[in-house]
Amino acid sequence: MENEDSFFEKVYKIVIQIPVGKVTTYGAIASCIGSKQSARMVGWALNKCSFYHTYVPAHRVVNRNGLLTGKRHFDNFETMKELLISENIIIENDQIIDFENYFWNPYKELF
DNA sequence: GAGTTGACGACTT
DNA sequence: CAAGTCGCCAACT
């Protein structure tokens with residue numbers, strides 16, 4: 001069944017559930033999975049999200065500072081910012097303004 | 001099978 | 001206050 005508890009699968013399932021207009025952090029996802037220090041793995045998982053059978057809104061995942069550190073992994077450096085802007089999220093200098101306001105806690109879905 | 005990498009985070013200097 | 005270093009864990013070469 002869908003009990004593929006692979007690290008990647010967990011990451012994808014969480015990211016996919018991020019609502020439009022919201023964002024989360026790598027650390028939050030990692031913590032949600034169980035290893036808060038595995039934030040790097042979250043980024044690694046998103047790196048191969050293109051190979052996943054389901055679309056993963058990786059642009060809604062940013063680092064702890066609300067900085068779009070992963071923008072360079074998109075087709076163009078502006079893609080990530082453009083996607084967030086299209087979701088009513090304000091970006092300035094590759095950083096989310098009022099990031100705390102847009103933050104979506106993955107724990108809410110695990111409840 | 002071993003070493004290097006990586007879209008982070010927190011601590012140390 | 002800013003920059004540098006370490007740790008963490010799985011995938012990639």
Side-chain angles (χ1 to χ4, degrees):
Chain A
M1 291 291 280
E2 54 258 20
N3 269 10
E4 319 255 328
D5 288 62
S6 296
F7 197 96
F8 285 35
E9 295 281 333
K10 292 179 182 175
V11 174
Y12 297 145
K13 288 180 181 177
I14 292 172
V15 177
I16 291 169
Q17 291 175 69
I18 301 175
V20 177
K22 291 286 185 178
V23 295
T24 191
T25 67
Y26 303 98
I29 296 170
S31 181
C32 187
I33 293 172
S35 298
K36 169 181 143 188
Q37 289 138 287
S38 303
R40 308 181 93 171
M41 303 293 80
V42 177
W44 198 264
L46 290 177
N47 189 356
K48 116 175 161 32
C49 71
S50 299
F51 294 82
Y52 198 52
H53 57 76
T54 305
Y55 170 70
V56 181
H59 62 275
R60 294 187 192 142
V61 184
V62 295
N63 71 350
R64 192 66 178 117
N65 301 312
L67 190 66
L68 281 56
T69 54
K71 64 176 184 176
R72 43 203 192 149
H73 291 272
F74 287 79
D75 296 336
N76 299 306
F77 291 179
E78 297 182 2
T79 304
M80 190 172 186
K81 184 167 72 174
E82 291 296 313
L83 288 171
L84 291 171
I85 290 174
S86 68
E87 296 183 355
N88 293 329
I89 296 176
I90 303 171
I91 310 292
E92 182 174 290
N93 197 11
D94 294 332
Q95 186 175 343
I96 297 176
I97 302 301
D98 200 359
F99 168 66
E100 179 182 332
N101 185 40
Y102 295 112
F103 182 74
W104 175 81
N105 193 334
Y107 278 103
K108 189 175 180 181
E109 292 299 323
L110 292 185
F111 251 128

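This is a predicted model, so every value here is computed, not measured. Numbered from 1 within each chain, the chains take letters A, B, ... in sequence-line order.
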Would you kindly give the CD-to-P distance between Gln37(A) and dA10(C), to the nearest whole Å?
13 Å

Whole angstrom is fine here: how far is it from OH in Tyr52(A) over to C1' in dA11(C)?
17 Å

Nearest listed nucleotide, side chain of His73(A), among dA7(B), dA10(C), dC9(C):
dA7(B)

Roughly how many Å is it from CG in Asn65(A) to P in dA7(B), rounded to a whole number?
16 Å

How close or far is atom P of dC9(C) from atom NZ of Lys36(A), stated in whole angstroms?
13 Å

Interatomic distance, Arg64(A) CZ vs dC11(B) P [rounded to whole Å]
12 Å

With a non-hydrogen cut-off below 4.0 angstrom, is Ala58(A) in contact with a base, only sugar-phosphate, or nothing?
base

Distance-minimising heavy-atom pair for Met80(A) and Val61(A):
CE-O, 3.3 Å

Regarding Asn47(A), tell me which of base, sugar-phosphate or nothing describes its non-hydrogen contacts under 4.0 Å with the strands shown.
base

What orientation do Tyr55(A) and His59(A) show, parallel under 30°, tilted 30 to 60°, or perpendicular over 60°?
tilted

Taking only side-chain nitrogens and oxygens of Thr69(A), does any of them come within less than 4.0 Å of OP1 or OP2 of dC8(B)?
yes

Where do Lys22(A) and Asn101(A) come nearest, in terms of heavy atoms and distance?
NZ-O, 3.4 Å

Among dA10(B), dA7(B), dC12(C), the one nearest any side-chain atom of Lys48(A) is dC12(C)

Pairwise distance CD1(Ile33(A)) to NZ(Lys10(A)) - rounded to 0.5 angstrom:
6.5 Å

Whole angstrom value for the distance that separates C1' of dC8(C) from CD1 of Ile33(A):
13 Å

What does Phe74(A) touch in the nucleic acid at a heavy-atom separation under 4.0 angstrom: a base, only the sugar-phosphate, or nothing?
base

Please say whether more than 12 non-hydrogen atoms of neighbouring residues, nucleotides or ligands are located less than 6.0 Å from CD in Glu82(A).
yes

If I take atom CZ in residue Phe7(A) and atom P in nucleotide dC9(C), what distance separates them, rounded to the nearest angstrom?
10 Å

Result for 5'-nearest mapping on DNA chain C, choosing between Arg40(A) and Trp44(A), is Arg40(A)

Give the nucleotide from the list dA7(B), dC8(B), dA10(B) with an atom nearest to the side chain of Ala39(A).
dC8(B)

Using whole Å, report how far CG of Leu46(A) lies from C1' of dC9(C).
15 Å

